[in-house]
Each structure stands twice: as C-alpha cells, then as structure tokens.
Protein chains: 2
Amino acid sequence: MTEPLPGDLWPDIRPDAARRLMAAAVDAFAARGYHATTTRDIATAAGMSPAALYVHFPSKAAVLFAISRSGHERALAMVEAAFAGPGSPTERMGALVAEFVSWHATKHRIARIVQYELSALSAADYAVVASLRRKTEAVVRALIDEGVRAGVFRVADVRIAARAILSLAIDVARWYTPDFRPAPAELGKRYAELALTMLGAS
Amino acid sequence: MTEPLPGDLWPDIRPDAARRLMAAAVDAFAARGYHATTTRDIATAAGMSPAALYVHFPSKAAVLFAISRSGHERALAMVEAAFAGPGSPTERMGALVAEFVSWHATKHRIARIVQYELSALSAADYAVVASLRRKTEAVVRALIDEGVRAGVFRVADVRIAARAILSLAIDVARWYTPDFRPAPAELGKRYAELALTMLGAS
DNA sequence: TAACTTCCTAAGCGCTTGCTTAGCTCCCGT
DNA sequence: ACGGGAGCTAAGCAAGCGCTTAGGAAGTTA
C-alpha cells in the first residue's frame, strides 16, 4: 500500500516524526479522503499513539493544510520554471505539460489531496492555496497567449484552452495507479503531444 | 445554494419524499463530500426529521448508491446514444463530447458524486458502478478506433487518447460553477472542437 | 365505525470522533 | 550528579455520529 517515502520530500519538516506523520496522512487522505480518516489512523500508521499527532501539529486540519500547501507550492514552482525556461512557446508548453502530468502520476497521492480535498480546508487555509492556484492557472494562460501572439498556437478561447490543458493533467491524479503503463515520464510526453496538437501547434 | 430540481429527475423514485431526500443529499454530498455530510444534514435540508431518512432508505450509504448508480446509468446512456447516432466518426465524437461536457456542467453536483465519491461506496456497490464505468470508457475507445481505421483520426495511442477525452469532460465537474460563461451547451461545443483537434480530425 | 396502511417524529442508544491532561522516559548541558 | 526540555503514551472527556424504537396523525378500505 505505502511506497517508500523519498528522502527529499519535505526536507524542511523537522523532527523526523512530523514527516512520518505527514507521510502517513498523505496515504490515508488520498485513499479514503480527509473526513473518512481519523487521527488514530494517521498516528497508528506512523507507528505512534493517537496523542503523538498533537505534539507536532495543533489539529488534524493543520496536517491537511501542511500537505496541501507544500503540494501547491511545488506545482506552482514547476509551472513557473517551465514558463521561464529556454525555447519556443511550443517547446516550453511541451515541457510544462510533460512535467505537470508526470508529477500528477508519480505523486498521485499528494496530487489527489491538492486537487480534491479543497473543500475540507478552513476558509483561511483555502485562501492561501487558492492564491497559489490562481497563479498557476495564470502562468498557463500567459504561455498560451504568448504562443498565440507568436502565431504558433491556434485556439478559439485562451481561457478555455488553459482550463483544458490543466484538466488533462489534473485528472491524471484521479485515475492513475502505479501499475499503469507507460510509466509517468513517458505518459507525460504523450500527453504533451496531445496538448500541443490541441493547441494547433505546428 | 440549491437550484430548483428538474421534475424529470428520477421519475421512477417514489414517493415524492424519497426524491426530495435524494435531491438534498446531492447538494450536500457535492458541496462537502459524503463523509462530511450527516444524515441530519440531509433530512433537515429535505424538511424532515432525522429519522425520516430511514423510512425511505436502509442507510446513508444506500442514498449515495442510488445517486451514483442512476448518474452512471445516465452517463452511459448518453455515450451509447452518441455512438449509435448518425454521421461520420468525427460528427459522432463531436456530439459525444459536446453532450458529455454539457452534462458535467449542468449536472455538476451529480457528476461530482459520480466521479469523486467512488471510494465512499461499499465493495458491492462499487462493483456495480465500476462495470458501468468500464462500458462507458469502452464506447469512447471504440469510436476513436473506428475513426482511426477510417483514416479521419490520427492518434498515437487509442487507450491514452480515450483517457484524455474523458478527462477533459470529467474534470469540468470539478471546476464548473453556475456563473461560468459560456453556458453549458456552448461550453460543450468548444470542448468538442478542442477534442476533435486533439484527435487530429481533418 | 373500526381496522389497516403509509408516512412521519421524539427520544435516545451505543459507539466513535477530535482533542486534552497528567505523567513518564530519555538525552543533553553543566 | 542532576535539572530541564523534548518527545512520547495511557487514559479519558465532551460532542457528534449512524441508526433504532415506540408511537402518533392522516388517509383508505370494509
């Protein structure tokens, strides 16, 4: 059920027990959803007693927020890096979609929480991640805009095209399972081609 | 919050109170999720006491299943009708995507339960809707296959293309809100064009 | 009128939930 | 040697959960 946790995940979260709790929460939230997961589930999966969670987090909601926030920040950073990268709008959009899709597959547990547990966040917590989400979408729109102005993309409506591009990637988190072939990196490349075709790229 | 319930929804569900309970459950499940919704929420929103729910349904899970099952059946019927309709593969695929997207926008509350509350179903209930989901996906694959064989679609991988087409439509349920413009019918047409472009339709 | 059926409610039961409290153990600095 | 903080647990509390029980109001049939 649980895959080995990469050591580079949440390097800033200390102590180690807090990271283990977050990793256990990711598995549980992704599999059953935030509301169906109990604090006992999380603590037990991390090898601790139920009370241990409250040594490191003030509440169950704070665990969700920590996961959702860092996931949103990672997603935005990826998209911004692809936008700022070298190459034509076509090349940069291809790289953006390939990496975004690959992330939604590889980290589909985190991605599921990021994309599908927004309604479980408090109003204050939601405001923080909503701002990150708006920035992410704005970057995609800006890149399509650039391609349209350069004459390499042909789309009827930039706003809808951006939504469609993001939908393709985000929805991967919903259906992806680790046994799916091709593997995430190759899947990302195929989706990048589909996305560029959809944008009418030459 | 609640939009007027179309009279043609669940015409087979009797008595009227059972339909009102299902409608209230749709609003609550779609807004907050199955596990965050209490039986008291549903009954109160339907204008009844908490115990009234158990006059018409054996459990809260049965309400979810009734909603999910009828939603899946409706979705499959739509897709099958578009497949069996008149016209070229291009025309039929355009009609399929347009209608499927329009449904995911108009009925986004039901669609959200259909697409995002699968993990809340019992194993037995899930088996029923999973069968309907496989049939739906198979129809889309068959139509792409037909277009590829007829030489009007150009895709590298039929399985992945089918996933992408379905992703575009399904994800609409996640982000759509009633104030979004263009309205569902027009949104469906724009998405149909994007989908056909993605399939390399001439 | 009387018996029956349908649809609903008031009250509450047993259990689980998120979270708290009090106290223990181990390690580190001096 | 010993004080003190960090990290953890056993026990349990108040609140809310899904669901049950007993019974009542209203309409229908004989």
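Lettering of chains follows the sequences in order, A, B, ..., and the numbering in each one begins at 1. Every heavy atom of this structure was used, including side-chain atoms; hydrogens, water molecules and symmetry mates were not.
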Which angle, rounded to 10°, do you find between the first-five-pair axis and the last-five-pair axis of the helix from C/dT1-D/dA30 to C/dT30-D/dA1?
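Taking five pairs per end, the axes differ by 0°.
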
Donor-acceptor under 3.5 Å (B/Arg109 side chain, B/Val26 main chain):
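Checked: no pair found.
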
Spell out, as yes or no, whether a donor-acceptor pair under 3.5 Å connects the side chain of A/Glu91 to the backbone of A/Ser88.
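Indeed, once roles are kept as given, a pair shorter than 3.5 Å links the two residues.
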
Less than 4.5 Å apart, any side-chain heavy atom of B/His35 and any of A/Thr37?
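No; the side chains remain at least 4.5 Å from each other.
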
Mind checking whether B/Tyr176 and B/Lys107 have side chains closer than 4.5 Å, heavy atoms only?
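SC-SC contact between B/Tyr176 and B/Lys107 ruled out.
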
Charged N to carboxylate O under 4.0 angstrom, A/Glu117 versus A/Arg112?
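No salt bridge links A/Glu117 with A/Arg112.
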
Looking at A/Glu73 and A/Arg69, is there a salt bridge between them, counting it only when a charged N and a carboxylate O are closer than 4.0 Å?
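Salt bridge between A/Arg69 and A/Glu73, a charged N being under 4.0 Å from a carboxylate O: yes.
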
Hey, could you give me the [atom1]/[atom2] distance between [X] and [Y], rounded to the nearest 0.5 Å?
X	Y	atom1	atom2	value
B/Phe83	B/Glu146	CZ	CD	5.5 Å
A/Phe65	A/Ser122	CZ	OG	7.5 Å
B/Leu196	B/Ile165	CG	CD1	7.5 Å

Looking at [options], which one has an atom nearest to any side-chain atom of [X]?
X	options	value
A/Tyr54	D/dT9, C/dT20, D/dC17	C/dT20
A/Ser59	D/dT9, C/dC8, C/dC19	C/dC19
A/Lys60	C/dG18, D/dT9, D/dG18	C/dG18
B/Thr39	C/dG18, C/dT9, D/dC19	D/dC19

Distance in angstrom units between [X] [atom1] and [N] [atom2], rounded:
X	N	atom1	atom2	answer
B/Arg19	C/dC7	CZ	P	14 Å
B/Leu53	C/dC8	CG	C1'	13 Å
A/Phe57	D/dA6	CZ	C1'	16 Å
B/Arg32	D/dG16	CZ	P	15 Å
A/Asp16	D/dA6	CG	P	18 Å
A/His35	C/dT16	NE2	C1'	16 Å
B/Met48	C/dT6	CE	P	17 Å

By nearest heavy atom, map A/Ala17 and B/Thr37 onto DNA chain D; which one lands nearer the 5' end?
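Looking at the nearest nucleotide for each, A/Ala17 comes out on the 5' side.
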
Could you write out each protein N or O paired with an N or O of nucleotides 10-15 of chain D at a distance under 3.5 Å?
residue, atom, partner, partner atom, Å
D/dG12, O6, A/Arg40, NH2, 3.4

Within the pair B/His56 and C/dC8, is there a side-chain N or O less than 4.0 Å away from OP1 or OP2?
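Affirmative; the distance criterion is met.
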
